[in-house]
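To start, the structure itself, in structure tokens.
Convention: sequence-line order gives letters A, B, ...; per-chain numbering from 1. Note: hydrogens, waters and symmetry copies are ignored here, and every other heavy atom, side chains too, is used.
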2 protein chains.
Amino acid sequence: MLKISRLTDYGLLATVYLARKPGEVIAAREIAAFYHLPLPMITKVLKTLHAGGIVHSYRGSGGGYSFDGDPDVVTLGQIIETLEGPWDLVECESVDDAGHALCSIRVACPSRRMMFGINRAIKGAFEQVTLAELARGAMPSAVIDKHELSSPRVAERV
Amino acid sequence: MLKISRLTDYGLLATVYLARKPGEVIAAREIAAFYHLPLPMITKVLKTLHAGGIVHSYRGSGGGYSFDGDPDVVTLGQIIETLEGPWDLVECESVDDAGHALCSIRVACPSRRMMFGINRAIKGAFEQVTLAELARGAMPSAVIDKHELSSPRVAERV
DNA sequence: AGAAACCGTACCAAGGTGGTACTGTTTGCG
DNA sequence: CGCAAACAGTACCACCTTGGTACGGTTTCT
Ligand code: FES
Ligand code: FES
């Protein structure tokens, strides 16, 4: 349906949170609490980010995660690539394990090349956004609780 | 997972097939046979395209579908919008039937504005690709410029 | 030793997607 | 007229992905 998954969105939130406190070791619990998101979700996505080398992890008591890279070098594209894995806008370019093309009509397809171009354009757009730019912007102190939005007319004052 | 659905891809195939024979009434069976795709899939997507006003339909024996618009006016964005319905890259901007925001952490989200900009930029890229270019099998000239990501309106044609 | 915190994996419910089937309706043709 | 071709509409289903949870294991600090 042409949207990034919610997990990826969570990953961006966590990365930005860490990048705004460079070098600081922060527990996943703190991030989850700040955004009022389920802790297992945050930990899951942080594991992925660590596996992709975006953030560092420190185990044991007092441990957590930290971002100590250059926020001007890390791009949105890299983060998304880490979180979602390699992706293509259309599966025409993808191949299965046997190297066999997934799309059976490649040779007759009049839109494949165009799709490939769009694919590259989108990836290029993501590559142009740096983590530093993402981290800039208002970091509000108040957060709307999940339940206040589910029920109508309840979110009066936050 | 950041990909367009296969149905949408089928719709592009069908539209391009029709656009390559302007004004000609072509049965769905012919298109399905040409691409070696299941006929019910093609008919389903052609119904959607007809409902969206992209193609015309002619019932009865000898009937079929035809494209008789201006291929330089119809854009890839319009076709995708017709096939997939309104979409957003992230659900942060979407609202449910009651008008409530789907995302519970909007106010605290440091990436929402950036995502919104990217959303617009991608839609703009799709709008810049015409059906005529699609039918020619050309690579799109659309390039997403960094400036579009934060500017309030989508940039002009490249 | 015990607690804090990350690691790994497995599991599940819900929703979306791709695909099929079937019944109706319209139209051309002999 | 009567049949066949072709679109219209809807309903249905199997499968996969996604969002979310659970649980046990490992590391480290105090
Ligand atoms: S539909 Fe597969 S190559 Fe285009
Ligand atoms: S996560 Fe919803 S506004 Fe960004």
Side-chain angles (χ1 to χ4, degrees), chain A residues 1-11 13-14 18 24-33 35-52 54-66 83-85 87 90-91 94 96 102-105 146 150, chain B residues 1-11 13-14 18 24-33 35-67 83-88 90-91 94 96 102-105:
Chain A
M1 220 224 290
L2 205 49
K3 61 164 47 179
I4 72 175
S5 76
R6 199 183 288 194
L7 265 297
T8 301
D9 214 352
Y10 292 170
L13 296 176
L18 291 175
E24 208 170 311
V25 176
I26 297 169
R29 184 179 305 270
E30 176 181 330
I31 304 177
Y35 289 124
H36 291 82
L37 293 174
L39 176 61
M41 293 286 97
I42 296 296
T43 63
K44 178 184 290 186
V45 80
L46 280 169
K47 289 172 200 170
T48 307
L49 287 168
H50 175 235
I54 305 288
V55 301
H56 285 183
S57 81
Y58 302 90
R59 306 180 63 163
S61 177
Y65 297 89
S66 77
L83 290 168
E84 300 239 352
W87 52 272
V90 287
E91 61 185 21
S94 308
D96 61 11
L102 282 180
C103 185
S104 53
I105 54 177
K146 207 173 186 175
S150 324
Chain B
M1 220 224 292
L2 208 46
K3 62 162 49 176
I4 72 176
S5 77
R6 200 183 289 193
L7 267 297
T8 302
D9 213 353
Y10 294 167
L13 295 176
L18 291 175
E24 208 170 311
V25 176
I26 297 169
R29 184 178 306 269
E30 175 181 331
I31 303 177
Y35 289 123
H36 298 92
L37 293 174
L39 176 61
M41 293 286 97
I42 297 295
T43 62
K44 178 184 291 187
V45 81
L46 279 169
K47 288 172 198 170
T48 306
L49 287 168
H50 175 236
I54 305 289
V55 301
H56 285 183
S57 82
Y58 302 89
R59 307 180 64 163
S61 176
Y65 297 88
S66 77
F67 175 82
L83 291 168
E84 300 236 352
W87 52 272
D88 287 298
V90 287
E91 60 185 20
S94 308
D96 61 11
L102 283 179
C103 184
S104 54
I105 56 178

Seminar exercise, completed: note: A:L83, atom CG; D:dG19, atom C1'; distance rounded to Å ~ 15 Å
Seminar exercise, completed: Listed range with range, the stems formed with DNA chain C by at least 3 consecutive Watson-Crick or G-U pairs (under 3.5 Å) are C:1-30 with D:1-30
Problem set entry | Residue-phosphate contact under 4.0 Å: A:R6 side-chain N/O, D:dG20 OP1/OP2 | yes
For this session: Check the distance between D:dG19's C1' and A:E84's CD and give it to me in whole angstrom.
Result: 13 Å
Exercise. What's the closest nucleotide to the A:Y10 side chain, out of D:dA11, D:dT27, D:dG20?
Worked result: D:dG20
For this session: Pick base, sugar-phosphate or nothing for B:P38, based on heavy-atom distances below 4.0 Å to the nucleic acid.
Result: sugar-phosphate
Exercise. Between B:E84 (side chain) and B:I4 (backbone), is there a donor-acceptor pair under 3.5 Å?
Worked result: no
Exercise. Side-chain N or O of B:H50 less than 4.0 angstrom from OP1 or OP2 on D:dA8?
Worked result: yes
For this session: Mind calculating the distance between NZ (B:K47) and P (D:dA11) to the nearest angstrom?
Result: 13 Å
Exercise. Can you check whether B:L13's main-chain N or O pairs, donor with acceptor, with B:Y35's side chain at less than 3.5 Å?
Worked result: yes
Problem set entry | Nucleotide interval of DNA chain C bounded by contacts with chain A (heavy-atom cut-off, under 4.0 Å) | C:dA4 to C:dT17
Seminar exercise, completed: Here the gap from B:F67 atom CZ to B:E24 atom CD, rounded to the nearest 0.5 Å, amounts to 14.0 Å
Problem set entry | Distance (rounded to the nearest 0.5 Å) between A:H50 NE2 and A:Y58 OH | 9.0 Å
Exercise. Out of D:dC29, D:dA8, D:dA6, which has the shortest distance to the side chain of A:S61?
Worked result: D:dC29
Exercise. In terms of the nearest nucleotide of DNA chain C, which residue is placed more toward the 5' end: A:L39 or B:T8?
Worked result: A:L39
Exercise. Which sits closer to the 5' end of DNA chain D, A:G62 or A:S5, going by the nucleotide each is nearest to?
Worked result: A:S5
